[in-house]
Amino acid sequence: KWETVDFSHRKDELGQVALSFNEMNKRLKRMFDTQEQFVANASHELKTPLAVIKSYVRLIERQGHARPEVIEESLETINHETDRMHHLIQQMLTLVAIEKGEQLTFKQVRLNALLKQVSKSIALAFDRLINLQLPEEDLVIVGDEDKLKQLLYILLDNAQKYSDDAIDLRLKKEGDHILIEVEDRGEGLGELDQEAIFDRFYRVDKARTRETGGTGLGLTIAKAIVHQHEGEIKVESVEGEGTTFQVVLPAS
Ligand code: ADP
């Protein structure tokens, strides 16, 4: 029970203590609610692939001996769903670690080289054209290289999932900030969705993102990584035209 104490009539020290107690109580309740919501969502997300796996196991049991092709098809789906669950659990663990305040390894990161490396592997993996625009000077920040790489992967992977044309990846310096922009010419996002996409498990079109293997956790992780680096992430989008994600990091 989350009871509050009513000492609002008291202006003395006890009144002050009661006020802080109520404030603390509210914060704890919010924390527990968020945690509860997370567990509920996570269980729900894991149940779907599990149900699919179970139904294919049953299919093999019923028909496998008479129709060997059923075994092959079923195993393919089971394999795919297992990968999905693995990816989801991996992402959940990443989020939990971030929220527990994990220790990062901060050192100098050469951004030009990092962007080159990540854009090359995404271009190769998904056979997509990525227009990389780098400044002449080598931009360096103090950060966690693995985390920054993960951030770029999330944004570029989304851009390739939700668009079909070339993707722009830009790096530039403006004043004492470093900007990284990922721009696609894809389906875009409505205004309400633009606010919600950073929330845990939020997906604009659940059915479609299930096909693309989406979990709704990518952008939540991306935002958390940017905050770990004391930066900001913004989205600009026009439905039917495309989306730009902009990461603003303090230049060290
Ligand atoms: P997911 O794993 O589903 O991609 P994310 O947290 O990375 O999860 O993204 C949340 C949702 O935001 C996606 O399901 C998708 O609907 C939307 N989204 C993300 N990136 C883009 C993009 N570049 N263009 C259009 N929609 C996007």
Side-chain angles (χ1 to χ4, degrees), residues 31 34-35 38 42 83 86-126 128-162 166-184 197-201 213-236 243-252:
M31 245 169 64
T34 318
Q35 222 44 35
F38 184 67
D83 285 348
H86 182 232
H87 177 59
L88 183 58
I89 290 169
Q90 216 50 42
Q91 284 201 319
M92 290 195 299
L93 291 176
T94 304
L95 250 181
V96 170
I98 290 175
E99 276 163 16
K100 256 174 48 190
E102 66 179 341
Q103 284 293 316
L104 297 187
T105 331
F106 271 46
K107 52 183 187 198
Q108 296 216 322
V109 181
R110 298 177 58 198
L111 289 174
N112 301 47
L114 186 71
L115 264 71
K116 256 189 218 164
Q117 188 198 343
V118 175
S119 64
K120 198 171 160 190
S121 44
I122 290 273
L124 269 176
F126 301 101
R128 290 291 288 271
L129 182 66
I130 298 184
N131 293 318
L132 181 59
Q133 295 159 48
L134 296 174
E136 280 187 8
E137 79 177 300
D138 239 336
L139 297 184
V140 177
I141 63 162
V142 175
D144 184 308
E145 183 155 357
D146 286 339
K147 291 275 163 190
L148 292 171
K149 204 185 272 183
Q150 190 178 4
L151 163 70
L152 290 170
Y153 271 118
I154 292 170
L155 297 179
L156 284 171
D157 184 37
N158 276 347
Q160 71 81 19
K161 275 196 297 196
Y162 304 111
I167 299 159
D168 291 339
L169 175 60
R170 287 186 289 273
L171 173 67
K172 52 193 174 188
K173 190 168 176 199
E174 269 177 19
D176 48 8
H177 287 103
I178 283 177
L179 308 182
I180 300 173
E181 286 170 353
V182 179
E183 180 172 0
D184 67 57
I197 47 172
F198 296 100
D199 294 345
R200 297 154 161 197
F201 297 109
T215 60
L217 289 179
L219 286 175
T220 315
I221 295 173
K223 186 174 177 176
I225 294 175
V226 174
H227 284 175
Q228 283 177 319
H229 288 82
E230 284 165 17
E232 286 294 326
I233 183 164
K234 301 172 198 165
V235 60
E236 256 178 44
T243 306
T244 304
F245 282 92
Q246 186 185 58
V247 174
V248 187
L249 296 168
S252 18

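Bear in mind that the values here come from a model prediction, so they are computed numbers and not experimental data.
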Worksheet item: Does CD in Glu137 sit with more than 12 non-hydrogen atoms of other residues, nucleotides or ligands closer than 6.0 Å?
Response: yes
Practice prompt. Spell out, as yes or no, whether a donor-acceptor pair under 3.5 Å connects the side chain of Thr244 to the backbone of Val182.
Written response: no
Practice prompt. Go through the steps to decide whether Arg170 and Leu179 satisfy the test side chain to side chain contact (heavy atoms under 4.5 Å, CB included), and finish with yes or no.
Written response: CA-CA 8 Å; Arg170 287 186 289 273; Leu179 308 182; over 6 Å; no
Item to complete: Check step by step if side chain to side chain contact (heavy atoms under 4.5 Å, CB included) holds for Thr34 and Arg200.
Response: CA-CA 10 Å; Thr34 318; Arg200 297 154 161 197; 3.7 Å; yes
Item to complete: Begin from the C-alpha positions of His86 and Gln90 and carry the test side chain to side chain contact (heavy atoms under 4.5 Å, CB included) through to its verdict.
Response: CA-CA 6 Å; His86 182 232; Gln90 216 50 42; 3.5 Å; yes
Item to complete: Find out whether Leu219 and Phe245 are in side-chain contact, i.e. whether some heavy atom of one side chain is under 4.5 Å from a heavy atom of the other.
Response: yes
Worksheet item: Looking at side-chain heavy atoms only, is the closest gap between Asn158 and Lys161 below 4.5 Å?
Response: yes
Worksheet, complete the sentence: On a heavy-atom basis, the closest approach of Gln228 and Phe106 is O-CZ, 3.7 Å
Discussion item. For a quick test of reading the model, state the closest non-hydrogen atom pair linking Ile141 to Pro250 and the distance between them.
Written reply: CG2-O, 4.1 Å
Discussion item. Would the distance check show the side chain of His177 and the main-chain N or O of Gly231 forming a donor-acceptor pair, the cut-off being under 3.5 Å?
Written reply: no
Discussion item. Taking the side chain as everything from C-beta on, heavy atoms only, tell me whether His229 gets closer than 4.5 Å to Ile225.
Written reply: yes
Worksheet entry | Exercise: identify the closest heavy-atom pair between Leu114 and Glu145 | CD1-OE2, 3.7 Å
Discussion item. Heavy-atom count check: over 12 atoms from other residues, nucleotides or ligands less than 6.0 Å from His227 NE2?
Written reply: yes
Discussion item. Can you tell me which residue among Leu148, Leu139, Leu169 is in a side-chain contact (heavy atoms from CB on, under 4.5 Å) with Ile180?
Written reply: Leu169
Discussion item. Whether the side chain of Asp184 engages the backbone of Thr243 through a donor-acceptor N/O pair (distance < 3.5 Å, no angle test) should be reported.
Written reply: yes
Response to the item:
In terms of heavy-atom contacts, Asp157 and Ile122 come closest through N-CD1, 4.2 Å
Discussion item. Restricting to salt bridge (Lys or Arg N to Asp or Glu O under 4.0 Å), what partner residues turn up for Glu232, sequence neighbours left out?
Written reply: none
Worksheet entry | Distance in Å, Ile221 CD1 paired with Gln91 CD, rounded so as to fall on 0.5 Å steps | 4.0 Å
Practice prompt. Taking the side chain as every heavy atom from C-beta outward, state whether Asp144 and Val109 have any atom pair closer than 4.5 Å.
Written response: no
Fill in: Interatomic distance, Lys147 atom NZ to Leu151 atom CG [nearest 0.5 angstrom]
10.5 Å
Practice prompt. Taking all non-hydrogen atoms of both residues into account, name the closest pair between Leu156 and Ser119 and its distance.
Written response: CD1-CA, 4.3 Å
Response to the item:
CG (Leu93) and CG (Leu88) are apart, to the nearest 0.5 Å, by 9.5 Å
Worksheet entry | Whether over 12 other heavy atoms sit under 6.0 Å from Lys173 NZ | no
Worksheet entry | Trace of the side chain to side chain contact (heavy atoms under 4.5 Å, CB included) decision for Ile167 with Arg128 | CA-CA 8 Å; Ile167 299 159; Arg128 290 291 288 271; 4.0 Å; yes
Item to complete: Quick one: pull up NZ in Lys223 and CZ in Phe198 and give me the separation to the nearest 0.5 Å.
Response: 6.5 Å
Fill in: Exercise: identify the closest heavy-atom pair between Ile154 and Ala222
CD1-N, 4.0 Å
Response to the item:
Rounded to the nearest 0.5 Å, the CD atom of Glu230 sits from the CG atom of Leu249 at a distance of 10.5 Å
Item to complete: Return the set of residues passing ring pair (Phe, Tyr, Trp, His ring centres under 6.0 Å) with Phe38 (not counting sequence neighbours), or none when no residue passes.
Response: Phe201
Worksheet item: Are any non-hydrogen side-chain atoms of Gln35 and Met31 less than 4.5 angstrom apart?
Response: no
Item to complete: State whether a side-chain donor-acceptor pair under 3.5 Å links Glu181 with Gln133.
Response: no
Discussion item. Measuring only between side-chain heavy atoms, which start at C-beta, is Asn112 closer than 4.5 Å to Pro135?
Written reply: yes
